[in-house]
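Since this is a predicted model, take the numbers as computed values, not measurements. Counting convention: from 1, in listed order, for ligands and their atoms alike. Residues: numbered from 1 along the sequence shown.
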Amino acid sequence: MSEPGGGRGFGSSVPQRAPWSLVAATAALCLVSATSVWTAGASPMSREEKQKLGNQVLEMFDHAYGNYMEHAYPADELMPLTCRGRVRGQEPSRGDVDDALGKFSLTLIDSLDTLVVLNKTKEFEDAVRKVLRDVNLDNDVVVSVFETNIRVLGGLLGGHSLAIMLKEKGEYMQWYNDELLQMAKQLGYKLLPAFNTTSGLPYPRINLKFGIRKPEARTGTETDTCTACAGTLILEFAALSRFTGATIFEEYARKALDFLWEKRQRSSNLVGVTINIHTGDWVRKDSGVGAGIDSYYEYLLKAYVLLGDDSFLERFNTHYDAIMRYISQPPLLLDVHIHKPMLNARTWMDALLAFFPGLQVLKGDIRPAIETHEMLYQVIKKHNFLPEAFTTDFRVHWAQHPLRPEFAESTYFLYKATGDPYYLEVGKTLIENLNKYARVPCGFAAMKDVRTGSHEDRMDSFFLAEMFKYLYLLFADKEDVIFDIEDYIFTTEAHLLPLWLSTTNQRISKKNTTSEYTELDDSNFDWTCPNTQILFPNDPLYAQSIREPLKNVVDKSCPRGIIRVREESFRSGAKPPLRARDFMATNPEHLEILKKMGVSLIHLKDGRVQLVQHAIQAASSIDAEDGLRFMQEMIELSSQQQKEQQLPPRAVQIVSHPFFGRVVLTAGPAQFGLDLSKHKETRGFVASSKPYNGCSELTNPEAVMGKIALIQRGQCMFAEKARNIQNAGAIGGIVIDDNEGSSSDTAPLFQMAGDGKDTDDITIPMLFLFSKEGSIILDAIREYEEVEVLLSDKAKDRDPEMENEEPPSSENDSQNQSAEQIASGSQEVDLVDQESLNSHPESLSPADTDNAASISPSEQNSNPTENHETTSLDGECTDLDNQLQEQSETEEDSNPNVSWGKKVQPIDSILADWNEDIEAFEMMEKDEL
Ligand code: DMJ
């Protein structure tokens, strides 16, 4: 076992112990030398260009931070569309995502060390004073322990780390006397009651004022937490212990990590997504590197770097080996089951896994990092941002994008590792897309739907904590940062902790950690600093040569074709006796088969049918397994069905001054009037109709003539409103919800149904806005009088002329139950989910009602593509390739900004490329669970 690291001192080298740790420390010393060996490949970027981009990042940060401080502070977050602060309790609840908000000026604290990285020392000094003056950590609010740790505790510690660095330099922060650290300690003590479980795993939530147990706490009844939630504490808690000398924090975080390690699945060495904090049983047994697990792995490796404890590296390496064996299917990273790791648990990936290439750089495993990063970049090029989830054939699964920084983080680390200017170009694209699609007059707005370009009224604090740091550092030379970034490690929220902590207050004895490391075979693991000569064996085009074969992976993928199937995961020749797609609830033979498989069918009052499996009731274990397979298929079909029923949202884009297309609102479509899909759009000034409900002949036809009429929802059918405004000469209509406070951020969109009669007479486009989005237009009218909007299916690029006019403003998962869960207990599938029937009940047409009642699994799969996909594989791949090409061309036509090429790879070559996968896919089609 090696000794912990070197002494304190800025500019001194990182710990002088295991040379391996040199690369782990953000690839600081070893990999950075690759920058200087780079000689060819993508065109190098000039110093001027890098500086220009760096300055652009600074201006963007000012826009985001300035607007937060001006319009939101002291609230936790900025709502950039309505230009105000998000105060918990005053806005409709968004569920778990609100648990990050503790009424403690979250964004300010999360931004502290970003200010120093971006060389805004004066602003940092002001911000620290504000935190000390204004922030209260004793609010009666239930917050997430995980989020509070990484954002607030991490933010305070990052702020403290840089405050003492600045003080030592002698110019700024001379008055500082560890006040941020005292606050961090106070917060640390507030979080400790969460660890009062027999396992040592923390409760997921805590009341900042009342803790866990007190009746006023309103929390403490939870039984489960996510692995990342329990396993992402060690950096902040250990730093707190080492800074203050109070060892209890590091002890608690270590104990939680020890427990997770003990509970890893022993044959696969993987961990599940959620765990019972009392029993230690895995609640969700699917395992990946994204949501729910991500930073657990990150913290094992980084804990080794920061604390110099080899046991963390051994654990990380053991998990990493398992990840590369089971989850990594280059360029994909796909979830598997911890007990059956050869079995994929889903066919989509989430955006959080985009941090993983960065972690692989830290580990020194560059090739798979380059591959996955390139795949992600192609998804981004297609949709401008990484959707929250996307399928293995790179289609959007969840369309939101809350301005997550993970991809920028990996881009930064890959640039550090390879020195390849390609990654600078990638960063430039990220900057352009943020400015083009997410920038609004009052900050940057999360994307509600990357396909339409519509926004959510939300700018998360991690956008300031992480995105701007990584983008700035990507283009910065050493002299552009006022301290040596390589003396620090980034936490998962990109807060900076100094590496000298490894030798400070090391009073935590290793007796607290498990002692079984001797059992582990670590012969595969490299304990030496990766040599850049080996990483890039005299070949400056190394990274490019890895990326090149992946260039068309997104455009030309054969749907699901690149899932590697592990043949041993299937019983030979096994397939469920009844495929979900063939099932008919009225067929007695099918019902008999269901019974044998332990699946019962429940007819619900509303006409839906529900399937429930009790494995124990199956005729045999083989039948139980068949039942499990059938249920999994049914879940997939049901989810597909729900998606197909959902009409994509439409966009209302405000194009007049001062918005210039920058604000895009999510709107619901109508089942009548002009269909805005497929490139159709209507542009015009808006005018309120009189009467506002539009339920009778308008009394102000002159005001709405040739304009887009605003009408309030309620009191008559949507179609009636449409006819009245059309008769008055309106060229379109926007119905605004009369339920105050409603928003597409929190309520499901629906389509406005007709009135059950023929609606062919309605020819103007009609869209629906919830009240919050509607009030953005109403406020704009009040302020600017003339407000012009564009109604379409997808936000259009801003008018270049307008861009010239206006310089950038400087003012300021239920369906992922694991196989084991199903086998051991029961699972249910609703064939038709009420919420996905998107015609609003207020005016549900008879046709919709019929449709809802008659949906059955056998009808639902009548789509010839789907049937084709599962029957004839070779033909399928060819056909799907053509379909994808068509789809790709259509999207390209509709969006001039889409930059992926039309270069058509010969079909033979695609087939050759994927031959192996096609065979595997064929196997999967026979036996897929
Ligand atoms: C950040 O808060 C942290 O990086 C966390 O680990 C997961 N991701 C969010 C931002 O996407």
For Glu91, all residues meeting side chain to side chain donor-acceptor pair (under 3.5 Å), sequence neighbours excluded: Arg84, Lys772
Stepwise salt bridge (charged side-chain N to carboxylate O under 4.0 Å, His left out) test for Asp113 and Lys469: CA-CA 9 Å; Asp113 51 9; Lys469 267 193 203 111; 2.7 Å; yes
Results of side chain to side chain donor-acceptor pair (under 3.5 Å) for Ser295 - residues two or more places apart only: Thr232
Arg86/Asp460 ion pair, N-O < 4.0 Å: no
Within-shell test, Glu466 vs ligand 1, heavy atom, strictly < 4.0 Å: yes
Interfacing atoms of ligand 1 (cut-off 4.0 Å, heavy-atom, Glu493): 1 (C), 2 (O), 3 (C)
Atom 6 (O) of ligand 1: the protein heavy-atom neighbour that sits closest, reported with distance to 0.1 Å: Thr492 OG1, 2.7 Å
Candidate with minimal heavy-atom separation from atom 8 (N) of ligand 1, of Glu409, Arg404, Glu406: Glu406
Atom indices of ligand 1 within 4.0 angstrom of Pro405 heavy atoms, with elements: 10 (C), 11 (O)
Between Thr219 and Asn207, a side-chain donor and acceptor under 3.5 Å: no
Proximal atoms of ligand 1 relative to Leu352 (non-hydrogen, under 4.0 Å): 7 (C), 8 (N), 11 (O)
Asp294 N/O to ligand 1 N/O under 3.5 Å: no
Enumerated ligand 1 atoms positioned under 4.0 Å from heavy atoms of Ile150: 2 (O), 3 (C), 5 (C)
Aromatic ring proximity, centroids under 6.0 angstrom, Tyr320 and Phe316: yes
